[in-house]
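Below: one structure, written as structure tokens.
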Amino acid sequence: MEPTKGHWGFFDLVIKNFGTTPAYSVSVSFDQLLERVPFPDEKKIFENAALTYPVAIPFLAPGQEWRTVWDSINRRERADEARRERNLPALEYEYRGSIEYRSAGRKAPLESASILNWEQFRSAMTVETKTVHDIADSLDRRLKDINDQVAALHKSVSAFSDEKTGVWVYSGDADELRAYHADLAARARDSHEALMRVVGQLLPQESTRRTNSSVTEDSTPSGSVAEQEPPSDD
């Protein structure tokens, strides 16, 4: 078990060749499953998840290692508290295993025992030093916040994109804009009144013409014969 670089409280499971010669046919075994606390997206908060690792590695050069994040001591303690409230079994804190491998020049395989114990990390303290990774992580969170704000602003502005129901924004002096629109409305009223005067002059003539035409047509109805008085003797 080794601390995860840059993340205090997290620990890695490491299979590493500490020797000066290659290791062949490396096999790993433990007496029980290596338990870990599920991450939130796994939706198994109150179930024990198993850490997966290679049971066989064909070759490890000197100093070469296989590594994976195992768990966090804080996560394990919180998970145990939640399990106790539900009368569920607690996580194991000690795991015993062995590693068997072959070395050049030796016929018989070699074996190393391993005891991994989380208890030694309870209440452990450390000094945290900020690194470039922390700056990048802070910038990532800040960028995500900015993107969320821009997305919310875009959504709000999109709701006012319709010309009829949207919001019109004018840049400039407010009094000047009000005077401009008042003048525009006055000119529109003047144009309307002038148009109505022209229409008022044309409509009476048109009405008289239609009335005369109607009277002429009605004076001698179509298809009728006018009665004539007999001529006088005078």
Side-chain angles (χ1 to χ4, degrees), residues 1-103 106 108-142 144:
M1 295 175 65
E2 290 188 1
T4 304
K5 186 177 181 180
H7 296 279
W8 166 247
F10 281 85
F11 291 86
D12 297 344
L13 173 67
V14 185
I15 304 172
K16 182 176 181 178
N17 181 3
F18 292 93
T20 59
T21 59
Y24 302 92
S25 303
V26 181
S27 61
V28 182
S29 62
F30 284 90
D31 295 341
Q32 69 268 48
L33 291 176
L34 301 185
E35 297 174 312
R36 64 177 178 83
V37 178
F39 289 97
D41 57 353
E42 294 180 281
K43 299 180 180 179
K44 297 179 179 179
I45 299 176
F46 301 113
E47 297 180 17
N48 295 349
L51 177 69
T52 58
Y53 56 89
V55 295
I57 301 176
F59 175 84
L60 281 177
Q64 186 178 9
E65 66 180 27
W66 180 93
R67 177 186 297 265
T68 186
V69 176
W70 185 353
D71 212 342
S72 161
I73 183 63
N74 295 331
R75 281 162 40 88
R76 294 177 78 88
E77 291 178 349
R78 289 196 300 267
D80 279 343
E81 291 178 3
R83 284 181 167 86
R84 282 195 295 269
E85 293 176 356
R86 292 165 173 77
N87 296 322
L88 296 175
L91 291 167
E92 295 290 340
Y93 276 76
E94 182 176 283
Y95 302 88
R96 295 177 176 268
S98 64
I99 297 179
E100 186 178 281
Y101 59 96
R102 294 182 177 274
S103 179
R106 291 177 177 270
L110 301 174
E111 184 175 358
S112 296
S114 179
I115 299 176
L116 308 180
N117 196 318
W118 283 92
E119 292 287 350
Q120 59 185 320
F121 301 112
R122 289 185 185 271
S123 303
M125 300 177 64
T126 185
V127 177
E128 184 177 6
T129 302
K130 298 294 184 181
T131 63
V132 176
H133 174 79
D134 297 298
I135 297 175
D137 186 58
S138 177
L139 290 176
D140 284 342
R141 291 196 300 269
R142 180 59 179 164
K144 181 180 182 303

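- Across all non-hydrogen atoms, the minimal contact from Lys16 to Glu65 is CD-OE1, 3.5 Å.
- The distance from the OG atom of Ser98 to the CD atom of Glu111 is 4.5 Å, given to the nearest 0.5 Å.
- Look at Glu81 and Arg78 and you find no salt bridge, because none of the NZ, NE, NH1 or NH2 atoms lies under 4.0 Å from a carboxylate O.
- For the pair Pro109 and Glu100, the tightest heavy-atom approach, listed with the atom from each and the gap, is CB-CG, 3.9 Å.
- Taking the charged nitrogens against the carboxylate oxygens, Asp137 and Arg141 do have a contact shorter than 4.0 Å, which makes a salt bridge.
- Residues Val55 and Ser27 have side chains not in contact (no heavy-atom distance under 4.5 Å, counting atoms from C-beta outward).
- Within the model, atoms CG of Asp80 and CD of Glu85 stand 11.5 Å from one another, a figure rounded to the nearest 0.5 Å.
- Between Pro38 and Ala49, the shortest heavy-atom contact is CG-CB, 4.0 Å.
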* From CA spacing to verdict: side chain to side chain contact (heavy atoms under 4.5 Å, CB included), Val26, Arg102 -> CA-CA 7 Å; Val26 181; Arg102 294 182 177 274; over 6 Å; no
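- Cation-pi geometry between Arg96 and Phe30 is not met at under 6.0 angstrom from the ring centre and within 45 degrees of the axis.
- In this structure, Asn17 CG and Phe59 CZ are separated by 8.0 Å, a value rounded to the nearest 0.5 Å.
- Residues Phe121 and Phe11 bring their aromatic ring centres within 6.0 Å.
- The distance from the CD1 atom of Ile73 to the CH2 atom of Trp8 is 9.5 Å, given to the nearest 0.5 Å.
- In this structure, CG on Asp12 lies 5.0 Å from CZ on Arg67, to the nearest 0.5 angstrom.
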* Asked: Does the side chain to side chain contact (heavy atoms under 4.5 Å, CB included) test come out yes or no for Leu110 and Ser103, once each step is laid out?
  -> CA-CA 8 Å; Leu110 301 174; Ser103 179; 4.2 Å; yes
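- Arg122 and Glu77 are joined by a salt bridge, as a carboxylate oxygen and a charged side-chain nitrogen come within less than 4.0 angstrom of each other.
- By the 4.0 Å N-to-carboxylate-O rule, Arg75 lies close enough to Asp71 to be salt-bridged with it.
- Here the side chains of Ile115 and Tyr95 are not in contact, with every heavy-atom distance at 4.5 Å or above.
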* To do: Show the numbers, then the answer: is there a side chain to side chain contact (heavy atoms under 4.5 Å, CB included) between Tyr53 and Thr68?
  => CA-CA 8 Å; Tyr53 56 89; Thr68 186; 5.7 Å; no
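- The side chain to side chain contact (heavy atoms under 4.5 Å, CB included) with Trp66 is formed by just one residue from the set Ile57, Val14, Val28; it is Ile57.
- Considering only heavy atoms from C-beta on, Leu116 comes within 4.5 Å of Leu13 through its side chain.
- Side chains of Asn117 and Glu94: a donor on one and an acceptor on the other come within 3.5 Å.
- Taken from CG in Leu60 to CD1 in Ile15, the straight-line distance is 8.0 Å, to the nearest 0.5 Å.
- Side-chain contact between Trp70 and Arg76 is present, with heavy atoms from C-beta onward closer than 4.5 Å.
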